[in-house]
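Below you'll find the structure, written out as structure tokens, and then a few comments.
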Amino acid sequence: MDDESMVGLLGRVTGTVGPGLVGEVIVRIRGGAEHFLAYPASAQDRIETGTVVTVVEHLPPRTVYVTALYGC
């Protein structure tokens with residue numbers, strides 16, 4: 001899947017995303033759900049487990065940068 005088609009997809013944090021951490025998110029994609037390594041789009045943000053996020057950048061094959069969807 002290319003970068004453009006991942007950007008804008010919604011996911012849920014399954015491992016805290018934040019400074020100095022390699023987090024994890026699950027994203028519905030390709031008719032299922034897949035896990036991706038995740039970093040915050042803004043380096044100082046901390047996004048807790050369970051937060052709904054939007055993918056803002058994809059680095060193939062399995063890394064995404066995310067931001068909290070509802071400004072949480």
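Leu37 CG to Glu24 CD: the interatomic distance, rounded to the nearest 0.5 Å, is 7.0 Å. Interatomic distance, Glu34 CD to Leu9 CG, rounded to the nearest 0.5 Å: 10.5 Å.
A distance-only check finds no donor-acceptor pair linking the side chain of Arg28 to the backbone of Leu10 [under 3.5 Å].
When hydrophobic clusters are built by joining Ile, Leu, Val, Met, Phe, Trp and Tyr residues whose side-chain heavy atoms come closer than 4.5 Å, directly or via intermediates, Leu21 is not grouped with Ile47. A single hydrophobic cluster is not seen to contain both Ile26 and Val64; linkage of ILVMFWY side chains at heavy-atom distances under 4.5 Å, directly or through other members, places them apart.
Applying the ring-ring contact (aromatic ring centres under 6.0 Å, His included) criterion to Phe36, with sequence neighbours excluded, gives no partner residue.
Within the 4.5 Å cutoff, the side chain of Val13 has no heavy atoms near those of the Glu48 side chain. Taking the side chain as every heavy atom from C-beta outward, Leu59 and Tyr65 approach each other to under 4.5 Å.
A pairwise comparison of heavy atoms in Pro19 and Asp45 identifies CD-O, 3.1 Å as the closest pair. Nearest approach of Val53 to Arg12, heavy atoms of both residues: CG2-N, 4.4 Å. Considering every non-hydrogen atom in both Thr54 and Gly8, the closest pair reads CG2-CA, 3.9 Å. The two residues Thr14 and His35 have their closest heavy-atom pair at OG1-ND1, 3.8 Å. What you find for Val25 and Ala38 is that their closest heavy atoms are CG1-CB, 3.7 Å.
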